[in-house]
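Chain naming here is simple, since letters A, B, ... match the order of the sequence lines and numbering starts at 1 in each. These numbers were taken from a predicted model, which means no experiment stands behind them.
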2 protein chains.
Amino acid sequence: MRACAYVTQRQVAEEAGVSRTTVSLVLNAVPDAHISPPTRQRVLDAARRLDYYPDAAARRLASGKTRTIALVWHRAPDQTYRDAFLPGLLDGISRAARRYGYHVLFRPVAVDEPNGTYVELARGRHTDGLVLSGPRSDDDRLHRLHAQGFPLVLHGRLQDTEIPSVDVDNVRGAMTAVNHLLGLGHRRIGLITNAPTVYAASQQRLDGYRRALEEADIVYDEALVRQGNFDEESGYTAVIDLLTLKHPPTAVFIASDMVAIGALRALQEQGFSVPSRTAVVGFDDITAARFITPALTTVHVPTFGLGWSAGELLIRIIEGDQPHQIHVELDTELVVRESCGAAPPHRPGPLRGCYVNER
Amino acid sequence: MRACAYVTQRQVAEEAGVSRTTVSLVLNAVPDAHISPPTRQRVLDAARRLDYYPDAAARRLASGKTRTIALVWHRAPDQTYRDAFLPGLLDGISRAARRYGYHVLFRPVAVDEPNGTYVELARGRHTDGLVLSGPRSDDDRLHRLHAQGFPLVLHGRLQDTEIPSVDVDNVRGAMTAVNHLLGLGHRRIGLITNAPTVYAASQQRLDGYRRALEEADIVYDEALVRQGNFDEESGYTAVIDLLTLKHPPTAVFIASDMVAIGALRALQEQGFSVPSRTAVVGFDDITAARFITPALTTVHVPTFGLGWSAGELLIRIIEGDQPHQIHVELDTELVVRESCGAAPPHRPGPLRGCYVNER
DNA sequence: CCGCTTTAGTAACGCGCGTTACCATTATAC
DNA sequence: GTATAATGGTAACGCGCGTTACTAAAGCGG
């Protein structure tokens, strides 16, 4: 395996018959450098002829900037659910990065890893900033990094912090879902949360549910509320619990598709056919939502947009632009499919549901 | 946004009362350096006290190694299908990288990007090696990189090349699927390919289908074969075409879950209920396979394993170990669910299918 | 012609670290 | 006691590039 021969600035300089400084000035298009057009052209030609690429390490060392951002991806017990977001998020971040001339480092953090091992990326100057997805609230090294002025953006808001963040507007998303069910005539609408309400997103979706009911003059009834826990199983048991009520809800808003999928299964097993007897609306719009039967009506989370926003916000912070908004909230979009009863249940054709992912 | 103050080796040296050289020798645990235990300890203490992390750029420049590998992810028209592999693959690569002390750069290549823009990663010394997923056969810069001795690993084999690669054993995977159907008593087994057979994987899965039939002394009948094209729609139309036969197959092996999902839809619409009238086995085991009705029996592709193998193989090459195998083929595993008719159709509980993803 | 500014380009420094060559001081061998 | 080796450590170089300070030549007004 022969080692690659790399072309350096010095070689370009020799080829062009100028000094190395001149090469640097030309290739970086330094504004106030006095380089005559012919010289300039000679340098450019030489660089092209030799297929010159600057050495990233040298450039970073000299400039003090890595032009790299990193995505720190906290793996968690709810992984299947989180995996659904990764491709879109990463694509969004990467595209934003590329747009501004940055590279992207990916750093998963395993469940059993001690807190804050990723700080090496920051302190070791591998990256100019971090996007953290799935931050842990007990992560003190995170706050220390922020206190030191290291550029950070969170995906998924952490409570009580001034660290910039990017997330969907969970309250409005939940309201859209519930309003849709209200619009279909439902009055007894159950709720299964996506997770325990210690999670900020979970609490927010609950809030949205309550606000939508409130605005429709329906009193909030805690008997119709159950707690999900990221996975199918939690939805399965939660909805069965709901069905034991004397008056089970005619519709259920389930604040996570993964949980909803478990719930759908239980509903069908118990003879509560969806949507004819019980309408269901989920949240997240994971890929499987389109494929399950009945196809799941759900609140679409713009994963690409979240990635893009996180990347762009982070880069702005790195480059010292004072962003006007340090907490970005993106809008969701209701995707009407079959499970809510508003769409024709069996449109022939390969796709189910009126919505096709925009990418 | 206050700039971070970074700790350098020099500061550690001062704190410990030794020279910078000594610090470097101690922290890198240089074998033949003569450092007394007390001095050694003083340096370690000082480094810890100051929370010292070496500057990545400086280290790269001095050592000539980036200790970074990159995943080049070719986005393509079949994106939904490929996205299903990204989380596992990336996790596998990252874990392998971390195991060997490497970092991972992620670089998506958009559909409309000109060929070979990613070579900047290599030539600019951002990375010591590349994993390319979804390589294009007309990518001449790829071959040039390889000819220059730059470490490369392909995910998905390219024909006629000596570039190291990692993939599943498509032939055996297809054979497993078809053998399973044969074992259930089926004799007329149709095939819908995952893609046009110019794709190597597609041809291999077709080969596996043929070999399985051959070994069962069943003559290959081209009338039972249709071509898929990555997406649901292609499966939808392909299977409808199969159903126009006087004697439609009693079982269909569909070499892609995505294509199979479209086919399932068509079968159900046409009254060919699955699995009672037509058995179906897919390939890939995408997340949706578990959730569709009936749950799809399919050939599981170990995405994590592929990523791990690619990462490990690449790092071996980078570090000069001559790997004994430059083309790694991983085994698949048949996941029996409902669509083949071998599993009980309605086991109560939140999960469908006997298989739970191992992660 | 002189002094001043502008133009065109270069020499030299430093980024932080790995590494090699080198220098003192002791221990060891004879 | 002296030659030799081992021990403990340091000074200095170079990695490739960005950048600053400087020089030399040319333009230009008086």
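Counting non-hydrogen atoms of other residues, nucleotides and ligands closer than 6.0 Å to CZ of A:Arg10 gives a total of 12 or fewer.
The pair A:Asp128-A:Arg60 does not meet the salt-bridge criterion, since no charged nitrogen lies less than 4.0 angstrom from a carboxylate oxygen. For the pair B:Glu113 and B:Arg107, the salt-bridge criterion is met [side-chain N within less than 4.0 Å of a carboxylate O]. Here A:Asp83 pairs with A:Arg75 in a salt bridge; the nearest charged N to carboxylate O distance falls below 4.0 Å.
Protein chain A touches strand DNA chain D; the 5'-most and 3'-most nucleotides with an atom under 4.0 angstrom of its non-hydrogen atoms are D:dG16 to D:dT20.
With hydrogens and angles ignored, the 3.5 Å screen pairs a side-chain donor or acceptor of A:Ser94 with a backbone N or O of A:Leu90.
In this pair, A:His155 and A:Phe85 present their aromatic rings perpendicular. The plane angle is above 60°, beyond the 30 to 60° band. Taking the six-membered ring where tryptophan is involved, the planes of A:Trp73 and A:Phe106 are tilted, since the angle between them lies from 30° to 60°.
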Can you pull every protein N or O that's under 3.5 Å from an N or O on nucleotides 8-10 of chain C?
unit_1, atom_1, unit_2, atom_2, d
C:dG9, OP1, A:Thr39, OG1, 2.5
C:dG9, OP2, A:Ser36, N, 2.8
C:dG9, OP2, A:Ser36, OG, 3.3
C:dG9, OP2, A:Thr39, OG1, 3.3
C:dT10, OP1, A:Ser19, N, 3.3
C:dT10, OP2, A:Ser19, N, 3.0
C:dT10, OP2, A:Ser19, OG, 2.7
C:dT10, OP2, A:Thr22, OG1, 2.3
C:dT10, O5', A:Ser19, OG, 3.4

